[in-house]
Amino acid sequence: MLAVVPPPVTVRVPAKVNLHLAVGDVRPDGYHDLVTIFQALSLVDEVTVAVADEPGVEVHGEGADQVPTGASNLAWRAVRLLAAHVGKDPDDPKVRVVIRKAIPVAGGMAGGSADAAATLVGLSSLWRLEISRDELAELAGKLGADVPFALYGATALGTGRGERIVPVLGRHQFHWVLAFDRRGLSTPDVFDELDRLRAEGDPPRVGAVEAVLEGLSSGDPRQLALLLGNDLQAAAVSLRPNLRRTLRAGVDAGALAGIVSGSGPTTAFLCEDGDTAVRVAAELAGAGVCRTVRVAHGPVPGARVVTTEEPKPIPPEVHA
Ligand SMILES: C[C@](O)(CO)[C@H](O)COP(=O)(O)OP(=O)(O)OC[C@H]1O[C@@H](n2ccc(N)nc2=O)[C@H](O)[C@@H]1O
Ligand SMILES: Nc1ncnc2c1ncn2[C@@H]1O[C@H](COP(=O)(O)OP(=O)(O)OP(=O)(O)O)[C@@H](O)[C@H]1O
């Protein structure tokens, strides 16, 4: 009897910004303890996994030429990890992965991490695995500090390396403009730069996370705007000084506040509402301070299988 080949599975997975990112001192394992608040945004990658004799990863879209398609691709590392976890041969998983990117590569928005999380969710469906999201999160933590959050999405408090996730409930939608820089920044380099700045002097540190949680629950973007903070910002700006000008231009264009997203160099601007975000994006796109801009909102769900009849996401870009 012919084996029925299951149809390909496509997963949509969001980018993240850190509304609050407090970086502790470097640990023996080389990581830093974090206290962070993630928010998943409507800027999404799409990952399709399919049964195939020829293994491999294809990458299309935003920054595709800067993404490896071999074993170091984070999505492929997720294939091998889950295959081994369920007793399949990680060297011959009979899977093909196609990634359509919209999340800026090495942009501080956990693009690779998102693709890894999407691959775990896609394979769970393709291989009809009985595996819980928490068990997947356990595996995800092995792929990177930002991968578990990409599974859960919405808004969450991250601790440890950022892999320990506690959901933060909230009913309000926030509107963002994202400015993509000309090229990425290596996350380890930004953490190393922060250690260097802290050895030399005393760069500003963000305050307590409780205030940000209150700002979030108020649902008032004006209140939240005053509370955004990222300890990595000084390091990202030190490595990429043009970000100072980008951050200023976004607020001059009408955003309530701007911050570097994660390890950067993407800058994220919180706006009063959706219409303002479109206006800020258009003005920022013409200010010559970034490669391109996107409008997005959050919170949105984490990695989830796209059913065939679901409409394709309207690309949130505003053309520079
Ligand atoms: C900056 C953030 O995006 C904030 O959410 C994340 O902490 C980075 O998460 P990520 O890119 O998934 O990071 P990983 O791929 O796990 O680690 C990349 C490198 O970043 C540094 N790193 C990352 C996370 C962390 N808590 N401390 C660190 O020092 C380490 O040098 C690590 O080797
Ligand atoms: N599927 C993938 N998508 C994007 N980058 C990938 C992928 N697989 C491997 N990479 C590599 O991982 C590196 C980091 O990419 P990524 O987009 O995850 O950075 P990031 O968004 O800054 O991540 P984070 O915010 O978690 O630090 C890049 O140098 C890229 O070449």
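Worth saying up front: this structure is predicted, and the values here are computed from it rather than measured. Counting starts at 1 for both ligands and their atoms, in listed order.
If you check which protein heavy atom lies closest to atom 31 (O) of ligand 2, you get Gln66 O, 3.0 Å. Nearest protein heavy-atom neighbour of atom 9 (C) of ligand 2: Leu74 N, 3.6 Å. The protein heavy atom nearest to atom 17 (O) of ligand 2 is Ala106 N, 2.9 Å.
With a 4.0 Å heavy-atom cut-off, ligand 1 is reached by the side chain of Phe38 but not by its N, CA, C or O. Of the heavy atoms in Asn73, both backbone and side-chain atoms come closer than 4.0 Å to ligand 2.
Nearest-heavy-atom check against atom 15 (O) of ligand 1 across Gly144, Gly111, Ala236 picks out Gly144. Residue Asp146 holds the heavy atom nearest to atom 5 (O) of ligand 1 of all those in Asp146, Leu232, Asp33, Leu194.
Ring pair Phe174/His297: centre-to-centre distance not below 6.0 Å.
A salt bridge (Lys or Arg N to Asp or Glu O under 4.0 Å) with Arg100 is found for exactly one of Glu62, Glu46, Glu58, namely Glu46.
Distance screen at 4.0 Å: atom 12 (O) of ligand 2 has no protein heavy-atom neighbour inside the cut-off.
Looking at Ala145 next to ligand 1, an N or O pair under 3.5 Å apart turns up.
Residue contact annotation: Ser263 has a non-hydrogen atom under 4.0 Å from ligand 2. Residue contacts with ligand 2: Lys101 is included, with a non-hydrogen atom under 4.0 Å away.
The ligand atoms of ligand 1 that sit less than 4.0 angstrom from a heavy atom of Leu34 are 7 (O), 26 (N). For ligand 2, the atoms closer than 4.0 angstrom to any heavy atom of Met109 are 21 (O), 25 (O).
Within the cation-pi definition used here (under 6.0 Å to the ring centroid, within 45° of the axis), Arg161 qualifies as a partner of Tyr31.
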